[in-house]
Enquirer: 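Pasting a structure below so you can have a look.
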Amino acid sequence: MSTATGVRPGRRFTVGRSEDATHPDTIRAAISEFIATAIFVFAAEGSVLSLGKMYHDHSTISTAGGLVAVALAHALGLAVAVAVAVNVSGGHVNPAVTFGALVGGRVSLVRAVLYWAAQLLGAVAATLLLRLATGGARPPGFALASGVGDGHAVLLEAVMTFGLVYAYYATVVDPKRGHLGTIAPLAVGFLLGANVLAGGPFDGAGMNPARVFGPALVGWRWRHHWVYWLGPFLGAGLAGLVYEYLLIPPADAVPHTHQPLAPEDY
């Protein structure tokens, strides 16, 4: 049974049916993810470009003031993006969050694939708009700091994304979230901002493959790109499994709802 947040009951992995991909609810959810991800990436990557424009040097993000400004833009941008999408698609805005929901049985594989496509396209569209609107400014993208190896970055991304998806589960998915659900966008957004402060100087603090993919494609910067997929997916998958199977009691795994069955729930 589907809930208002666009997620189905957990504890049951489903592939879904091919016709689910064209169901109006699924299409609406994918459109919502596309727009929400574009909103977030435009604000997030735009904050980095604006600092580079102001100081004629993208390395200003490594200063304390620049890091705080970028963290704030990420936090506010994600909070709004989740808020505008949560009632339609669940407000994932992140392929890693979708993966965490998939391993927890909250979305079908068919819906997850459509979400991933929508999120990546939204990120690319937002970055292209930024490049057009800024007169051709090349997105700086993500890179590892000196002394940070691939393994370190994978671990850092996994830990930060674990916290992000855990917070998402606690405030959006958990059947007992109650009134906590009203602050879900702020909770997820604030944690993202805090993680940018913690991990930004080391690897840029991606935590979101779509957020990294858009600037990488438009700016054509692919070095270490795999790190920003493997780390977040590992952390998100672990968070989904831990929260779904250790923290949500079996009796609460299927929330009581009067919503009609969505196609992926049959």
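When reading the values below, keep in mind they use all heavy atoms of this one structure, side chains included, and skip hydrogens, waters and symmetry mates.
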Enquirer: Is V159 reachable from V97 through a run of hydrophobic residues whose side-chain heavy atoms are each under 4.5 Å from the next?
Expert: no
Enquirer: Side chains of N94 and L164: closer than 4.5 Å at any heavy-atom pair?
Expert: yes
Enquirer: Over 60° means perpendicular and under 30° means parallel, so classify the ring planes of W116 and F233, tilted if in between.
Expert: tilted
Enquirer: Determine whether the aromatic ring centres of residues Y168 and H92 are separated by less than 6.0 angstrom.
Expert: yes
Enquirer: For the pair R177 (side chain) and V172 (backbone), establish whether a donor and an acceptor sit closer than 3.5 Å, ignoring hydrogens and angles.
Expert: yes
Enquirer: Which atom names give the shortest non-hydrogen contact between G100 and V103, and what distance separates them?
Expert: O-CG2, 3.2 Å
Enquirer: In the structure I gave you, are the side-chain heavy atoms of R221 and P215 within less than 4.5 Å of one another anywhere?
Expert: no
Enquirer: Any idea how Y243 and Y166 line up, ring-wise: parallel (<30°), tilted (30 to 60°), or perpendicular (>60°)?
Expert: perpendicular
Enquirer: Please evaluate residues E33 and S89 with respect to the criterion side-chain hydrogen bond (donor to acceptor under 3.5 Å, both in side chains), reporting the C-alpha separation (whole Å), side-chain torsions for both, the decisive distance (0.1 Å), and the verdict.
Expert: CA-CA 7 Å; E33 285 294 308; S89 65; 2.5 Å; yes
Enquirer: More than 12 heavy atoms of other residues, nucleotides or ligands under 6.0 Å from NE2 of H225: is that the case?
Expert: yes
Enquirer: Answer yes or no: is there a donor N or O on one side and an acceptor on the other, between the side chain of T171 and the main chain of A167, under 3.5 Å?
Expert: yes
Enquirer: Would you find a donor on one side and an acceptor on the other, under 3.5 Å apart, between the side chain of E157 and the backbone of M207?
Expert: yes
Enquirer: Given side chains that start at C-beta, do those of Y169 and R106 come closer than 4.5 Å, heavy atoms only?
Expert: yes
Enquirer: F40 versus N208: any side-chain heavy-atom pair under 4.5 Å?
Expert: yes
Enquirer: Answer yes or no: is there a side-chain heavy-atom contact under 4.5 Å between I35 and V84?
Expert: no
